[in-house]
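What follows is a single structure, written as structure tokens, with notes after it.
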Amino acid sequence: MRGDWQIIAELTRLAEIKLEPFERNDMPEEQRVANNSQTYLVDADEFEFETIEQNNGQATVIRFAMDNPHYHAGDMLLVLAGTDIRFHGMIGSLGDGWAIASDKRGSLLPATVQ
């Protein structure tokens, strides 16, 4: 068993060690940078889309034209009819002027090709 003087000596030695700032580098760059998602808001009466998947007549996965470079995968699509939410889902992919978004739970968009 160590004596009191040995414990004091060890604590003194540890107190003199200068620690360098720790930076966590084991995470991918995109996870170390804070990303803010945006919401792409559209009026249901003017919104044109294709149904890719549907559930009980409601479009749950849709494809729509998107050529605005300010929006990216991970942003949200919100389709409103007045104050009623018709579709609220995440944009999963973008490319060639088209985007795909999914709302698997609460979509009220009719499953049709417009």
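This is a predicted model, so every value here is computed, not measured.
- Across all their heavy atoms, Ala44 and Ala81 have their closest contact at CB-CB, 3.9 Å.
- Phe87 is not listed as a side-chain neighbour of Leu108, based on a closest heavy-atom distance of 4.5 Å or more.
- The salt bridge (Lys or Arg N to Asp or Glu O under 4.0 Å) analysis of residues 60-88, with sequence neighbours excluded, yields the pairs Glu50-Arg63.
- What you find for Ala101 and Leu77 is that their closest heavy atoms are CB-CD2, 3.9 Å.
- When hydrophobic residues (I, L, V, M, F, W, Y) are linked wherever their side-chain heavy atoms come within less than 4.5 Å, the members clustered with Ile85 are Leu41, Leu78, Leu80.
- For Met66 against Ala99, the heavy-atom pair with the smallest separation is CB-CB, 3.8 Å.
- With sequence neighbours excluded, the residues forming a side-chain contact (heavy atoms from CB on, under 4.5 Å) with Asn55 are Thr60, listed by chain and number.
- Listed by first then second residue, pairs satisfying ring-ring contact (aromatic ring centres under 6.0 Å, His included) with a partner in residues 53-81 read Tyr40-Tyr71, Phe47-Phe64, not counting sequence neighbours.
- Heavy atoms only, all atoms of each residue included: Ala111 and Gln54 are closest at CB-CB, 3.4 Å.
- Counting side-chain heavy-atom gaps under 4.5 Å among Ile, Leu, Val, Met, Phe, Trp and Tyr, the cluster of Ile100 also holds Ile52, Val61.
- The two residues Gly74 and Ser37 come nearest to each other via the heavy atoms O-CB, 3.5 Å.
- Applying the side-chain contact (heavy atoms from CB on, under 4.5 Å) criterion to Met76, with sequence neighbours excluded, gives Thr39, His88, Met90.
- Among pairs with a residue in residues 91-108, those fulfilling salt bridge (Lys or Arg N to Asp or Glu O under 4.0 Å) read Glu53-Lys104, at least two apart in sequence or across chains.
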